[in-house]
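What follows is a set of notes on a single structure, which appears directly below.
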Amino acid sequence: MEAIKGIGVSSGIAIGRAVLLAETDGRTAFRTIPPAEVKSEISRMERSLADAKEQIVQIRNKMALRGGDEAARIFDFHIELLADQSLIGPIRNDITREFVVAEYAVSENFRKLADRFLEMGDSIFAQKAADVIDLERRLLSRLVGRTSERLATLEGPVIVIAHELTPSQTVELHRAHIVAFATDGGGLTGHTSILARALELPAVVGCGKVTTDIEDGDMVIVDGDGGVVIVRPDDGLLARYQLLAREAQHRQRVLRSDANQPSVTRDGMPISLLGNIEFPDEITTVLANGGMGVGLYRTEFLYLMSDLPPTEEDQLESYRKAIDLAAGRPLVIRTLDLGADKYTQEHLAEPERNPFLGLRSIRFCLANQEMFKTQLRALLRASAHGPIKIMLPLVTHVMELRQTRMILNDLSEELDEAGIPFDRNIPMGIMVETPAAALMARAFAHEARFFSIGTNDLIQYTLAVDRGNERVAGLYNAANPAVLALIKSVARTARHVGIDVSICGEIAGQPLFTPLLVGMGVRTLSMSPGQIPAVKRVVRGLEIEHCESLARRVGSFDSDRQVLLCLRDELRRIDPEALAGSEGG
Ligand code: PEP
Ligand code: MG
């Protein structure tokens, strides 16, 4: 038996058999196979080549149909590579003679070829290197797909173990028999963790060594509240966790049964609780959990789920679906927040050295205006079907807001000329998720109709701590007085100027912070749907005056520790059960 400590990022306890997924994001674990499996491993590799070829031919044909002959030619190069024996031969040899797993053989040989192109040191060859890496990723994802097909043949619930999962891989894990996952890398507010919560899959990330210490088929317990993965538990521990799992499910059922209670404090102040979603369907879950609408719709997942960028019609369809499901309730749609960890750098000819400080979010959109216009047109057209608000991510400069407005005005004129209906008064707001935006909130308040504080990024940029890096996870702390001072000041500015302010970072779904945020004057919180019932229960136990005095007290502290102790005392007083839940997650 072994207990591996990690970061509990999605609540719940799950027990099942481990399935190791080979890595597809830059690092592929070296693993060997028994000689008897060589034949099946070769045919697994060959099937992945054939599948990838079929997929690429389809993409190439679609591109050619849209008149993108140059883009279609890129895919011809991919197809040639798949048949190139100087590349495929060594992969076959590595499996047959060295007994290495197909994923490793593919990755090694593709990387070698990419390095040879890069050494040639000219931009055409750098592009070819990027193509090779792109193809490597496609093959690896086919192979991982095959691995995940094995899941269907295993008995009972399955726990996925991986070095790291990309957001789109995480979404693919959403199958009935996959009950949890654990990864070596990752942090609390990385996008994989956010998706785990959206999919209600218990998860522990940042474990460092789950892929080395766990083998396929091992019995594993994932405790998403305690942040621990237990490998090969003995019978006593297994029975204890089975009991804990039943108790946790019961608590969740009780919370859900109260979900439709009004979200008001004891002294009658309404607090609006909204959901964060990645896909329109999730609105049903938001409402079932007692949410009153959507405070953050992360539209980039439409891009991440497909090899081809979604068309204007694809986007329009998603937004219309969201509008139908929201049925007049608040629906804040955020424009594409691509870049950093939401657009793996391998897609780029020249990966950025520091993508979190690079061309991401609104910067990426303004630098790729055709793509941005496609989304804005879809949003404008969707607005004819029901109320929406548009929100811009990672704004650091008022010019970004003005430029977006100019593009929107041009598009509105085009739609007018074409006689296409749209809402002429869509409120446009910004995410406040950089210290620059927080410090200049007053200037932004003159140009934006609302603010939504994105604490996930605000914490990482204020504290200079990568939100997805397990090595600095201990420094990533929402209770840091510098972060809290920024939130307080943005809330105060918004109140003075008279614009709405909400919080949509993960802190909004943590009951520990609810009394403090309400005390700072925040009246709208947007969170993963599953977190709404627990936060609502805390809200119903609050008194505004008391929260305000708590906020004043916390404002005088200069260490995270003091803040956390004080918030824990407060929550223990209001809702001890919520405190037990927030200790782990
Ligand atoms: C945030 O940064 O707090 C946020 C809500 O946006 P995302 O997690 O998508 O970066
Ligand atoms: Mg963000």
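Atoms within each ligand, like the ligands themselves, are counted from 1 in listed order. Sequential numbering from 1 along the given sequence is applied to the chain's residues. Because the structure is a prediction, the values reported are computed rather than measured.
A salt bridge links Arg572 and Asp569; the closest N-O separation between the charged side-chain nitrogens and carboxylate oxygens is under 4.0 Å. Checked for salt-bridge contact, Glu300 and Arg334 meet the test: a charged N lies under 4.0 Å from a carboxylate O. Salt bridge status for Asp457 with Arg360: present, with a side-chain N to carboxylate O gap under 4.0 Å. Using a 4.0 Å cut-off between charged nitrogen and carboxylate oxygen, Glu313 and Arg320 do not count as a salt-bridge pair.
Between Val518 and Arg523 the shortest side-chain heavy-atom distance falls below 4.5 Å. Residues Ser502 and Ser526 have side chains not in contact (no heavy-atom distance under 4.5 Å, counting atoms from C-beta outward). Side-chain contact between Thr285 and Glu200 is present, with at least one heavy-atom pair separated by less than 4.5 Å.
The backbone and the side chain of Asp457 each have at least one atom closer than 4.0 Å to an atom of ligand 1 (non-hydrogen atoms only). Contacts between Arg334 and ligand 1, counted as non-hydrogen atom pairs separated by less than 4.0 Å, involve the side chain only.
Taking a cut-off of under 4.0 Å to the non-hydrogen atoms of Arg467, the atoms of ligand 1 that pass are 2 (O), 7 (P), 8 (O), 10 (O). The atoms of ligand 1 that sit less than 4.0 Å from any heavy atom of Asp337 are 9 (O), 10 (O). Under a 4.0 Å criterion applied to the non-hydrogen atoms of Leu296, ligand 1 contributes the atoms 5 (C). Within ligand 1, the atoms closer than 4.0 Å to a non-hydrogen atom of Ile194 are 8 (O), numbered from 1 in the order shown. With ligand atoms numbered from 1 in the order given, ligand 1 contributes 5 (C) to contacts under 4.0 Å with heavy atoms of Cys504.
Not one N or O of Glu506 is nearer than 3.5 Å to an N or O of ligand 1, by distance alone. By the 3.5 Å distance cut-off applied to N or O atoms, Glu300 is not counted among the residues near ligand 1.
Looking at Asp457, its N, O or S atom nearest to the Mg ion (ligand 2) turns out to be OD2. When the Mg ion (ligand 2) is compared with the N/O/S atoms of Glu433, atom OE1 turns out nearest.
Asp337 lies apart from the Mg ion (ligand 2) in this respect, since none of its N, O or S atoms is found at a distance under 2.8 Å.
Remark: Met440 CE is loosely packed, at most 12 non-hydrogen atoms of other residues, nucleotides or ligands lying under 6.0 Å away.
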